[in-house]
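Here's the structure, in structure tokens; my notes come after.
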Amino acid sequence: MTSALPAPRVLLVMTDQWPRALLRAALRECGYDAVGTRSVAGAARLAAPDEGRGPVGLVVLAQETLTGAERGDLDRLRSATGAPIVLLAPATRRVEAGPWTRVIRRPVSIGTLVAAAESLVPLPLDARRPVD
């Protein structure tokens, strides 16, 4: 028997296409409906309710995507989804206070990021299968 609920969405907000695509593929292989964008404003658009898709369960946000203008979008995204936020920060850059549930320093492996998703948004056993 399989779960009737749609997979939770994971929003990946990262400017670099290839790391974003690799993480997206790894999360989808585990059972998450991962989608990516280059900006927080794009993530806010992707967070809108969509028939047939699960709610946003997690936001993975690269620190370099946050500019002054993006802070307002981040507040709107946070209030719209209520999802935990994992901030990916460079090893040597200071992290300002924010709505982060977890801060992960780069360099980091894809496996570490998938493990973070699994700990923050656990999937039922019957939902742990590739989305695609």
Is the shortest heavy-atom distance from the side chain of [X] to the side chain of [Y] under 4.5 Å?
X	Y	answer
S39	T15	no
T101	L87	no
R78	V59	no
Q63	V95	yes
V10	L23	no
V40	T67	no
R129	C30	no

[atom1]/[X] to [atom2]/[Y] distance, rounded to the nearest 0.5 angstrom?
X	Y	atom1	atom2	result
L88	M14	CG	CE	5.5 Å
T92	R106	OG1	CZ	10.0 Å
L58	I85	CG	CD1	9.0 Å
L61	L66	CG	CG	4.5 Å
D16	L22	CG	CG	12.0 Å
D132	D33	CG	CG	8.5 Å

For [Y], does its backbone N or O pair with a side-chain atom of [X] as donor and acceptor, under 3.5 Å?
X	Y	value
R105	R93	yes
R9	Y32	no
T112	V108	no
R24	A34	yes

Discussion item. Assess the residue pair L27 and V131 against the criterion (side chain to side chain contact (heavy atoms under 4.5 Å, CB included)); give the C-alpha distance rounded to whole Å, side-chain angles, the decisive distance to 0.1 Å, and a yes or no.
Written reply: CA-CA 9 Å; L27 288 167; V131 171; over 6 Å; no
Smallest separation among heavy atoms of [X] and [Y], with atom names:
X	Y	answer
G57	P84	O-CD, 3.1 Å
V13	A43	CG2-CB, 3.5 Å
P6	G54	CB-N, 3.4 Å

What about [X] and [Y], same hydrophobic cluster or not, with Ile/Leu/Val/Met/Phe/Trp/Tyr joined at side-chain heavy-atom distances under 4.5 Å?
X	Y	answer
V103	L74	yes
I110	V121	yes
V35	V60	no

Discussion item. Test side chain to side chain contact (heavy atoms under 4.5 Å, CB included) on L123 and E118; report intermediate values, then the result.
Written reply: CA-CA 7 Å; L123 293 173; E118 290 174 330; over 6 Å; no
Worksheet item: Any side-chain donor-acceptor pair under 3.5 Å between R20 and T37?
Response: no
Discussion item. Any carboxylate oxygen within less than 4.0 angstrom of a Lys/Arg side-chain nitrogen, looking at R128 and E29?
Written reply: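 Salt bridge flag = no for E29 with R128.
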